[in-house]
Q: 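Please read through the structure below; I'll follow up with questions.
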Amino acid sequence: MAYETLIVETRGNVGLVTLNRPQALNALNSTVLKELKEAYAAFHADEAVGAIVLTGSERAFAAGADIKEMQPLQFADIYKSDFISGWDEVAKARKPVIAAVSGFALGGGCELAMMCDFIIASETAKFGQPEITLGVIPGMGGSQRLTRAVGKAKAMDLILTGRMMDAAEAERSGLVSRVVAPDRLLDEALAAAEKIASLSRPSVMMAKEAVNRAFETTLEEGLRFERRLFHSLFATDDQKEGMAAFVEKRKPAFTHR
Ligand code: CO8
């Protein structure tokens, strides 16, 4: 399939999506959303793909929602069409998605990175929620996901002032899982994704579900949910294979069943 705003390819067992609107620092518009949903759907349908990496350019992961597309919008229209709600589908990807962030991840760009399961950042990455400087607030989940990721103090600081934080501050505050040299970014993200793709898909997908549940429920309910998923994995061939391989001191050959 031909994409206008993305480069979509497969590397081994990893789906790689590169945001590709260099003229607008990868600003997110309705075409990006439509194409991203299509690319994710294709990767979900592809049995060979076990994980996805989402990246941008060296200069920008994404500098936000497309301000030029949003500028003329009126309240009644965006309320009726529930503008932005389409992005919920991107956040609900069932296979793991790693964001590989270099340069600007601002506004909707930071929010898109936070929709991924974890963020690997280049030393050049800059994160921020500058919507307040435009007379609005984050609209793709920033006030909720950033607060859960970094806590109230840092989230308030970033969202109320609109300032950017660099990769070191983002790692210190728990927004990103690793910071790497710029020329290592894609290799590091692809290697992490390939490692995930080599593991048993049902256990990987359930691990993702279990961690995400921690953000939505009480500890007691979360523990119950985790335990039920854990029990259910004993119905898979891969649990038998994984544990047999350990005991027999060999590599497991997972069939993802
Ligand atoms: N939207 C549209 N175009 C953009 C955006 C953007 N978010 N960001 C950059 N561009 C364009 C610029 O207009 C410029 O285009 P042109 O050459 O035609 O003038 C080109 O990209 C290069 O940008 P700059 O010349 O500004 O580059 P600088 O290196 O000087 O500055 C910055 C880089 C600091 C990143 C600067 O471009 C900037 O501040 N960008 C806007 C950042 C921002 O405010 N983002 C938040 C947007 S609001 C938002 O995301 C709300 C999310 C919820 C709604 C989601 C619905 C999809």
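All residue numbers refer to positions in the sequence shown, counting from 1. Atoms within each ligand, like the ligands themselves, are counted from 1 in listed order. Computed over heavy atoms, backbone and side chain alike; hydrogens, waters and symmetry mates excluded.
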Q: May I ask you to list the atoms of ligand 1 that are less than 4.0 angstrom from any heavy atom of Leu134?
A: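 Listed by number with element: 44 (O), 47 (C), 48 (S).
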Q: For ligand 1, which part of Arg59 has a heavy atom less than 4.0 Å away: the side chain, the backbone, both, or neither?
A: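 Side chain only.
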Q: Between Arg184 and Asp187, is the closest basic N to carboxylate O distance under 4.0 Å?
A: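 Judged by the 4.0 Å cut-off on N to carboxylate O distance, Asp187 and Arg184 do form a salt bridge.
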Q: Going by the atom numbers of ligand 1, which of them fall below 4.0 Å from some non-hydrogen atom of Glu131?
A: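 Near Glu131, meaning under 4.0 Å from one of its heavy atoms, ligand 1 has 48 (S), 49 (C), 50 (O), 51 (C), 52 (C).
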Q: Atoms of ligand 1 less than 4.0 Å from Trp87 heavy atoms?
A: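 Here the atoms of ligand 1 in question are 57 (C).
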Q: Answer with side chain, backbone, both or neither: which part of Ile67 has a heavy atom less than 4.0 angstrom from an atom of ligand 1?
A: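 For Ile67, backbone and side-chain atoms both sit under 4.0 Å from ligand 1.
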Q: Regarding atom 7 (N) of ligand 1: of the candidates Gly86, Gly142, Ala65, which has the closest heavy atom?
A: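 Closest candidate by heavy-atom distance is Ala65.
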Q: Looking at CZ of Phe225 and CE of Met206, how far apart are the two atoms once the value is rounded to the nearest 0.5 Å?
A: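 The distance works out to 9.0 Å.
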Q: For the 3.5 Å polar cut-off, considering only N or O atoms, please tell me whether Gly107 and ligand 1 meet it.
A: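 No, Gly107 has no N/O under 3.5 Å of an N/O on ligand 1.
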Q: Indicate whether atom 51 (C) of ligand 1 is within a distance of less than 4.0 angstrom of some protein heavy atom.
A: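 Within 4.0 Å: yes, protein heavy atom nearby.
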Q: Ligand 1 versus Ala27, non-hydrogen atoms closer than 4.0 Å: side chain, backbone, both, neither?
A: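 For Ala27, the contact with ligand 1 is made by the side chain alone.
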Q: May I ask you to decide if Gly141's main-chain N or O and Glu111's side chain share a donor-acceptor pair within less than 3.5 Å?
A: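 It does hold such a pair.
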Q: So if I count the atoms of ligand 1 from 1 in the order they appear, which ones are less than 4.0 Å from some heavy atom of Gly139?
A: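 Counting from 1, the qualifying ligand atoms are 53 (C).
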Q: Any idea which of Ala63, Gly128, Gly109, Gly64 brings a heavy atom closest to atom 42 (C) of ligand 1?
A: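 Minimum heavy-atom distance to atom 42 (C) of ligand 1 goes to Ala63.
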Q: Taking C-beta and beyond as the side chain, do His44 and Arg94 meet within less than 4.5 Å on heavy atoms?
A: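 Yes, side chains in contact.
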Q: Less than 4.0 Å from atom 30 (O) of ligand 1, is there any heavy atom belonging to the protein?
A: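 Neighbour list for atom 30 (O) of ligand 1 is empty of protein heavy atoms (cut-off 4.0 Å).
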Q: Hey, is ligand 1 close enough to Leu28 that some N/O pair sits below 3.5 Å?
A: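 No.
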Q: Mind checking whether Glu111 contacts ligand 1 via backbone (N, CA, C, O), side chain (CB onward), both or neither, at a 4.0 Å heavy-atom cut-off?
A: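 Looking at Glu111 and ligand 1, just side chain atoms fall under 4.0 Å.
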Q: Among Arg21, Met70, Gln23, whose heavy atom sits nearest atom 20 (C) of ligand 1?
A: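 Nearest heavy atom to atom 20 (C) of ligand 1 lies in Gln23.
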Q: Measuring to protein heavy atoms, does anything land under 4.0 Å from atom 39 (O) of ligand 1?
A: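 Within 4.0 Å of atom 39 (O) of ligand 1, no protein heavy atoms are found.
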Q: Looking at NE2 of His256 and OG of Ser203, how far apart are the two atoms once the value is rounded to the nearest 0.5 Å?
A: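 Here the interatomic distance stands at 9.5 Å.
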